[in-house]
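The shown structure was predicted, so the numbers you read here are calculated from the model rather than taken from an experiment. Note on naming: letters A, B, ... go to the chains in the order of the sequence lines (proteins, then strands), and numbering restarts at 1 for each one.
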2 protein chains.
Amino acid sequence: MDKNALFNQFVTFTAAVHQVTSDLTQNINTDAITPVQYKILEYLKVSQPVTITEISDCHHMSLPNTSRELKKLQEKNLIEKISDIADRRKFFVRLSADGEQMMHEAFARIEERFQQLIQHVPEEDLEEIKHALDILQQKVFKQEDRL
Amino acid sequence: MDKNALFNQFVTFTAAVHQVTSDLTQNINTDAITPVQYKILEYLKVSQPVTITEISDCHHMSLPNTSRELKKLQEKNLIEKISDIADRRKFFVRLSADGEQMMHEAFARIEERFQQLIQHVPEEDLEEIKHALDILQQKVFKQEDRL
DNA sequence: TTATTTACTTATCAAATGATAAGTAATGGA
DNA sequence: TCCATTACTTATCATTTGATAAGTAAATAA
């Protein structure tokens, strides 16, 4: 296997993924929410509850800035901070009812666009796609491989 | 095929792709270059030459802001604008020698990390990965499907 | 107990990005 | 020819984001 060619293919592929997801999520947040704040909520949606340091690490943003954005999200009633009983310096962050609602609607609109994207894909291709997603998730984009 | 389940898988997958590419490209641009500027250069690297409007559309940024960033890149000698002979309102943008050099080095460093990521993946899995990338690129993340 | 480290907050400043108004020059259509 | 449209630029302002210093309180180690 030509690993260099594979890298080039990887680059083209990830660029396409970024482009498609960017298109799918365009103009989704109607409300007064900034891109970083949306990213945080999106992360919470799939990973909650998480600590503030985890959010900070995962998004490569400083703790002070993470803290600031979370405060804003809390003021908008989109998240909740629950202090850890075992270690009272820590906080667990999760979506509030409003936050869940908002992300649910956002994902619903994204899903609409996604279904539109694949509406004419034949059944056997869908199976192939599902398999391909499985493979890549397992072998390339898996959680443990983070640098 | 449960299309809703496929959507959930898609969401998880794209999140993982974003995470991995974000990790791979962390701290790559040493020089005085902003994230948006890097994105533009990255786009040029794979799509040049392109017009200013194409850059603007593709990155969902306004023409004035695109123009400003291109001006900065031009002042840093990383890109060149060539006016279209057929339509003199238009400009084709491409990387300068310096820009090519810089992106070449950036990609080389990213590739190093990528090769490290897949160094222990067995040969038969690499074939499977290559096939999976092909499938998804053809059937889901293809150019024509842009909204 | 005391010192150090960890988890987080508050505050502040600079830089990057986004939005918008107003302009130029070339093109294309009536 | 004249007018509308297109492609792009310049300028300006608001907002978002990033970086950093300094602080609090809890946990841990010596």
Side-chain angles (χ1 to χ4, degrees), chain A residues 18 22-23 25-44 47-76 78-94, chain B residues 18 22-23 25-44 47-76 78-94:
Chain A
H18 280 264
S22 154
D23 288 348
T25 56
Q26 262 312 100
N27 308 315
I28 286 294
N29 28 325
T30 47
D31 297 312
I33 233 190
T34 71
V36 219
Q37 287 167 10
Y38 178 80
K39 275 284 158 202
I40 293 174
L41 295 181
E42 199 180 61
Y43 178 60
L44 288 177
S47 309
Q48 65 184 335
V50 287
T51 67
I52 297 175
T53 300
E54 282 170 335
I55 298 174
S56 165
D57 286 347
C58 179
H59 290 83
H60 304 292
M61 60 196 286
S62 70
L63 211 43
N65 291 336
T66 309
S67 177
R68 175 186 59 199
E69 297 311 318
L70 289 174
K71 196 181 176 191
K72 288 180 190 166
L73 287 170
Q74 200 173 21
E75 281 162 3
K76 289 172 186 168
L78 295 171
I79 62 159
E80 285 167 2
K81 287 192 213 168
I82 306 130
S83 84
D84 185 352
I85 316 157
D87 183 343
R88 278 163 33 207
R89 293 168 305 177
K90 286 187 186 173
F91 289 94
F92 289 116
V93 183
R94 66 172 192 213
Chain B
H18 281 264
S22 156
D23 289 348
T25 55
Q26 262 312 97
N27 308 315
I28 286 294
N29 27 325
T30 47
D31 297 313
I33 234 190
T34 70
V36 218
Q37 287 167 10
Y38 178 81
K39 276 283 157 203
I40 292 174
L41 295 182
E42 198 180 62
Y43 176 60
L44 288 178
S47 309
Q48 67 186 333
V50 288
T51 67
I52 299 176
T53 301
E54 280 169 338
I55 298 174
S56 164
D57 286 349
C58 179
H59 290 84
H60 303 293
M61 61 195 287
S62 71
L63 211 42
N65 291 336
T66 308
S67 176
R68 175 186 59 200
E69 297 311 318
L70 289 174
K71 196 182 175 187
K72 288 179 191 166
L73 288 171
Q74 200 173 20
E75 280 161 4
K76 289 171 187 167
L78 295 170
I79 62 159
E80 285 167 2
K81 287 191 213 169
I82 305 131
S83 85
D84 185 353
I85 317 156
D87 183 342
R88 277 162 35 206
R89 292 168 306 177
K90 286 187 187 173
F91 288 94
F92 288 116
V93 183
R94 66 173 192 211

Next item on the list: Would you kindly give the CZ-to-P distance between F91(A) and dA27(D), to the nearest whole Å?
Entry: 11 Å
Notebook entry, point to check: Once you round it to whole Å, what is the distance between C1' of dT10(D) and CD of Q74(B)?
Noted result: 15 Å
Next item on the list: Would you mind classifying the nucleic acid contact of P35(A) as base, sugar-phosphate or nothing, using non-hydrogen atoms under 4.0 angstrom?
Entry: sugar-phosphate
Margin query: Ring-plane angle category for H18(A) and H18(B), please: parallel below 30°, perpendicular beyond 60°, tilted otherwise.
Written below: tilted
Margin query: How many whole angstroms separate atom CG of L73(B) from atom C1' of dT9(D)?
Written below: 16 Å
Next item on the list: Select base, sugar-phosphate, or nothing to describe what T34(B) touches, counting heavy atoms under 4.0 Å on all strands.
Entry: sugar-phosphate
Next item on the list: Take atom CG of L70(B) and atom P of dT10(D), then tell me their distance rounded to the nearest Å.
Entry: 12 Å
Checklist line | Proximity to the side chain of P64(A) - top-ranked nucleotide from dC8(C), dT20(D), dT17(D) | finding: dT20(D)
Notebook entry, point to check: Taking only N and O in the side chain of K71(B), is any of them less than 4.0 Å away from OP1 or OP2 of dT10(D)?
Noted result: yes
Item checked: Spacing between D57(A) atom CG and dC8(C) atom C1', to the nearest angstrom -> 13 Å
Notebook entry, point to check: When you measure from the side chain of R68(A), which nucleotide among dT17(D), dA7(C), dT27(C) comes out closest?
Noted result: dT17(D)
Check: Given atom CG of D84(B) and atom P of dA26(C), what is their separation to the nearest angstrom?
Finding: 13 Å
Notebook entry, point to check: So which heavy atom on K81(A) is nearest to which on I52(A), and how close?
Noted result: CD-CD1, 4.1 Å
Margin query: Show the nearest heavy-atom pair for residues I79(B) and Q74(B), with the distance to one decimal.
Written below: CG1-N, 3.7 Å
Notebook entry, point to check: Is the backbone N or O of M61(B) less than 3.5 Å from a side-chain atom of S56(B), with the two atoms forming a donor-acceptor pair by type?
Noted result: yes
Note to self: For a quick test of reading the model: is some side-chain N or O of K81(B) closer than 4.0 Å to OP1 or OP2 of dT9(D)?
What the structure shows: yes
Check: Do K72(B) and E69(B) sit within salt-bridge range, that is, some charged N less than 4.0 Å from a carboxylate O?
Finding: yes
Note to self: When you measure from the side-chain N and O atoms of R89(A) to the phosphate of dC8(C), is any distance below 4.0 Å, counting only OP1 and OP2?
What the structure shows: no
Notebook entry, point to check: Closest nucleotide of DNA chain D for H60(A) versus for D87(A): which of these residues is on the 5' side?
Noted result: H60(A)
Checklist line | Whole-Å distance separating the CD atom of E69(A) from the P atom of dT16(D) | finding: 9 Å
Item checked: Nucleotide dA11(C), atom P - distance to CG of L63(A) in whole Å -> 16 Å
Next item on the list: Take T51(A) and S62(B), find for each the nucleotide of DNA chain C with the closest heavy atom, and name the residue whose nucleotide sits nearer the 5' end.
Entry: T51(A)
Check: In terms of side-chain heavy atoms of R88(B), which of dT17(D), dT10(C), dA26(C) is nearest?
Finding: dA26(C)
Next item on the list: Nearest-nucleotide wise, let me know which of N65(B) and M61(A) is further upstream toward the 5' end of DNA chain D.
Entry: N65(B)
